[in-house]
Structures are given as C-alpha cells and as structure tokens.
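As structure tokens, the structure follows; a few thoughts come after it.
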Amino acid sequence: MSLLFRRASFASLGLAFGLSALCLSPLMAQEAAPAPAGAAPAPAAAPVDPNTVVATVNGQPLTEADLVLAEGELSQQFAQLPPEQRRAAALSAAIEIRVMAAQAVATGLDKDPDFQRRMAFLQQRALHGEMVEKGVVDKVTDAEVRARYDQEIANTPPTNEVHARHILVKTKEEAEAIIKQLDGGADFQKLANEHTSDPSGKSNGGDLGWFGPGQMVPEFDKAALALEVGKYTEQPVQSQFGWHVIKLEDKRTKQPPAFDDVKDQAKQAVIRDKYFALVKSLRAGAKVEIPDANLKKTIDTLESAK
C-alpha cells in the first residue's frame with residue numbers, strides 16, 4: 001500500500017531520535033537462544049486486557065493498549081530485536097516519550113505555532129488514514145477482488161510464449177559457420193555447448209527456457225517468435241551481445257497467473273479504485289479555491305490524470 005494510505009507514525013514527530021531503548025546494551029545485542037532440539041512448542045499466550053496497566057508515569061497509567069501502539073508505530077526501530085526484548089524496548093520508548101512530552105508541555109513547546117500547525121496536519125493525516133482503513137480497505141469484499149481478477153484476465157489478450165535455444169558468438173562469420181554445420185545435420189545442443197559464449201548456455205545446450213514477447217532484446221525477440229517449431233534461424237541474428245543462432249523448441253499460449261498468486265495485487269487495484277472514487281466524490285462536494293492560477297492549472301492537470 002502506498003505511503004498515502006499509512007497512518008501517521010510517531011517517527012514523523014521526531015520521536016525516534018535518541019530513544020534510549022535503542023542503545024544496544026550487551027543484553028539487547030544478544031540474539032535469542034535457539035530452543036533445544038525436540039522441545040515442545042511454547043503454549044500460545046493468553047489474551048491480554050488492553051486496559052491492563054503496565055506502568056505509571058508521574059501517576060498517569062500506561063496501558064497494554066498504549067504499549068501495543070508504541071510497538072507498532074516504532075516497529076522499524078525494533079525490527080532486529082527478539083520479541084521479548086522488543087516489548088521491553090517499546091515500553092522504555094513509551095516511557096521516554098511520556099516524560100519528554102510532559103517536559104515539552106511544561107516549557108510551553110505545545111503552544112509554539114509551528115508545532116500546532118504540525119500537530120493539526122498530523123491529526124488530519126491520521127484521520128485520513130483511518131478513513132481509508134475503515135471506509136475503503138475494510139469494505140473490500142472477496143467477491144470484488146475475484147471480479148477484478150476476472151476482469152483483468154478477460155481484458156488481457158492471449159499471447160504466445162516460446163521455448164528456445166541459442167548459440168551466441170562474437171562474429172557473423174562464426175555464426176554462419178555454425179549454421180552451415182546445422183544444415184549438414186549437426187546437433188544444435190552439442191554445438192551450443194562447444195561454441196556459445198553465453199556462460200549459462202555452455203552446459204545446457206543453449207537452453208533459454210520459456211519466454212514471451214518483450215522479455216528478450218528486440219532483434220532476438222523478433223527472430224525467435226517468427227520461427228516455426230523445430231526450425232533454426234537461417235541467417236545470423238545480431239544484437240548488442242553479439243551474433244545469435246536461434247532454434248525454436250516449442251510454442252504455447254501463455255497461461256494467466258492463478259488467482260491465489262495475484263490476489264493481493266487484485267485487492268490493491270480494488271482499493272486504489274475505491275479510494276480515488278471516494279476522493280473524487282468528496283472533492284466534488286468541497287469548496288476548494290486556489291488563488292495562484294499557475295498552481296491551480298498544475299493541480300487540475302494532476303487531478304485529471306487520476
């Protein structure tokens with residue numbers, strides 16, 4: 001999902017700088033010891049009440065829900081830590097944030113106009129993210145995702161893919177000599193193993209596997225796709241890599257990807273369409289004025305491209 005859809009993080013407030021919880025003490029630097037061989041898996045942890053108080057800071061409770069939020073928002077900073085250390089680091093960070101925030105209020109930093117503007121923007125961005133999650137993402141159904149997949153498959157014209165081999169040499173004369181040997185009945189795979197300068201083809205008879213249009217350089221692509229099964233190029237094919245002799249082993253219609261392999265992409269496409277539809281309807285009902293004519297023109301151009 002794009003950054004546009006992400007909720008505002010604590011890091012955006014600069015709270016990730018100098019968190020003492022990230023100072024790697026010998027304990028924090030150690031990796032978790034592996035479980036003994038044959039040991040039974042640890043039982044699943046019982047659900048924890050989000051209102052459970054895990055600490056108090058100047059008399060104010062810091063709950064399990066606060067800790068989960070801190071751990072999630074600061075997940076990148078704690079990514080390399082084992083789970084039990086990650087929880088401790090998150091609690092340390094949450095305490096540090098609380099005491100620093102209290103000091104900021106005590107010294108009047110919360111009244112600074114720049115800070116208030118930033119806080120207003122971050123609140124709006126967080127509400128934007130919440131609206132996307134609750135008003136778009138959570139409303140996407142499995143049926144919509146499947147329908148989008150079926151639509152994409154129906155709109156994609158069938159294409160052929162081919163299975164080919166090649167022999168790559170430095171000069172046209174070398175390629176012509178190889179073609180002459182093939183005309184005389186020489187084995188393509190044997191010649192490829194002996195003569196190709198393509199390292200990957202020296203042990204497999206120049207086998208390139210299956211590929212479709214656009215996957216090879218244009219000259220090679222055109223020549224390979226034009227061949228009949230079992231035939232080889234009668235003239236050397238030049239590309240940026242040298243001179244090719246190409247043989248077509250087989251040809252087939254390319255199969256579309258299975259739904260399970262691309263359902264996440266299909267879901268993202270549904271989310272994107274729903275998001276832009278929601279934005280379009282909301283902006284249509286909003287009164288937006290942009291005094292700068294040039295800026296307005298640029299904005300209009302960007303909006304029309306969505």
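Criterion: ILVMFWY side-chain heavy atoms under 4.5 Å apart, direct or through other members. Under it, Phe211 and Val229 are part of a common hydrophobic cluster. Residue Phe276 is grouped with residue Val136 when hydrophobic side chains (ILVMFWY) are merged at heavy-atom distances under 4.5 angstrom, including chains of intermediate members. The hydrophobic cluster containing Leu227 does not contain Ile167, counting ILVMFWY residues as joined when their side-chain heavy atoms lie under 4.5 angstrom apart, directly or transitively. At a threshold of 4.5 Å between side-chain heavy atoms, the hydrophobic network of Ile, Leu, Val, Met, Phe, Trp and Tyr places Val48 and Leu67 in two separate groups. Both Ile271 and Val262 belong to a single network of hydrophobic side chains, linked directly or stepwise wherever heavy atoms of I, L, V, M, F, W or Y lie under 4.5 Å apart.
Of the candidates Ile246, Asn193, Ile178, Val245, Phe188 forms a side-chain contact (heavy atoms from CB on, under 4.5 Å) with just one, namely Val245. Remark: of the listed residues Gln116, Arg118, Arg117, Arg117 is the sole one forming a side chain to side chain donor-acceptor pair (under 3.5 Å) with Asp114. Evaluated for a side-chain contact (heavy atoms from CB on, under 4.5 Å) with Leu62, the options Leu91, Val53, Ile97, Thr56 yield exactly one hit, Leu91.
Atom CG of Asp273 sits about 12.5 Å away from atom CG of Leu278, to the nearest 0.5 Å. Expressed to the nearest 0.5 Å, how far CZ of Arg98 lies from CD of Gln60 amounts to 7.5 Å. Distance CZ/Arg165 to OG1/Thr196: 12.0 Å, rounded to 0.5 Å. One distance of note links CG of Asn204 with CG of Leu208; it measures 8.0 Å at 0.5 Å rounding. Rounding to the nearest 0.5 Å places CD of Glu161 at 7.5 Å from CD of Gln215. Rounded to the nearest 0.5 Å, atoms CG (Leu69) and OG1 (Thr63) are 9.0 Å apart.
Listed here is the closest heavy atom pair of Ile179 and Glu234: CD1-O, 3.6 Å. Of all heavy-atom pairs spanning Val217 and Ser239, the tightest one is CG2-CB, 3.8 Å. Residues Pro257 and Ile153 share a closest heavy-atom pair of CD-CD1, 4.4 Å. The shortest non-hydrogen separation linking Ala94 to Ala70 is CB-CB, 4.1 Å. Between Phe78 and Ala90 the shortest heavy-atom distance is CE1-CA, 3.6 Å. Here the closest heavy-atom approach between residue Asp66 and residue Pro61 is recorded as OD2-O, 4.1 Å.
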*asked:* Set out, in order, the CA-CA distance, both residues' side-chain angles and the distance that settles side chain to side chain donor-acceptor pair (under 3.5 Å) for Asp183 and Tyr232, then state yes or no.
replied: CA-CA 10 Å; Asp183 291 341; Tyr232 53 85; 2.5 Å; yes

*Decide yes or no on side chain to side chain contact (heavy atoms under 4.5 Å, CB included) for Phe115 and Leu109, but give the supporting numbers first.*
CA-CA 7 Å; Phe115 172 78; Leu109 292 180; 6.0 Å; no

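Counting non-hydrogen atoms of neighbouring residues, nucleotides and ligands closer than 6.0 angstrom, the NZ atom of Lys280 reaches no more than 12 such neighbours. No more than 12 heavy atoms of other residues, nucleotides or ligands shown are found within 6.0 angstrom of CD on Gln235. Other residues, nucleotides and ligands contribute at most 12 non-hydrogen atoms within 6.0 Å of the CG atom of Asp142. Atom NZ of Lys254 has 12 or fewer heavy atoms from other residues, nucleotides or ligands within 6.0 Å. Applying the 6.0 Å contact sphere to CG of Asp49 captures more than 12 heavy atoms from other residues, nucleotides or ligands. Open room surrounds CD on Gln123; 12 or fewer heavy atoms of other groups in view lie less than 6.0 Å from it. In this structure, Gln151 places its CD atom where more than 12 heavy-atom neighbours from other residues, nucleotides or ligands lie under 6.0 Å away.
At a threshold of 4.5 Å between non-hydrogen side-chain atoms, the residues Val145 and Val140 count as touching. Taking the side chain as every heavy atom from C-beta outward, Leu168 and Trp243 never approach each other to under 4.5 Å. The shortest distance between side-chain heavy atoms of Phe259 and Asp150 does not fall below 4.5 Å. Put simply, the side chain of Arg86 reaches to within 4.5 Å of the side chain of Glu71, judged on heavy atoms. Under the 4.5 Å side-chain criterion, counting only non-hydrogen atoms from C-beta, Leu248 is not in contact with Lys231. Inter-residue side-chain proximity for Pro213 and Leu225 is flagged as met; some heavy-atom pair is nearer than 4.5 Å.
A donor-acceptor pair under 3.5 Å is formed between the side chain of Thr301 and the backbone N or O of Lys297.
At a threshold of 4.0 Å, the pair Arg148-Glu144 does not count as salt-bridged, since none of the basic side-chain nitrogens sits closer than that to a carboxylate oxygen. We find that Asp264 and Lys267 are not joined by a salt bridge, their nearest charged nitrogen and carboxylate oxygen being 4.0 Å or further apart. Salt bridge present: Lys296 and Asp300 bring a charged side-chain N and a carboxylate O closer than 4.0 Å.
In the model, Thr233 has no side-chain atom that pairs as donor or acceptor with a side-chain atom of His244 under 3.5 Å.
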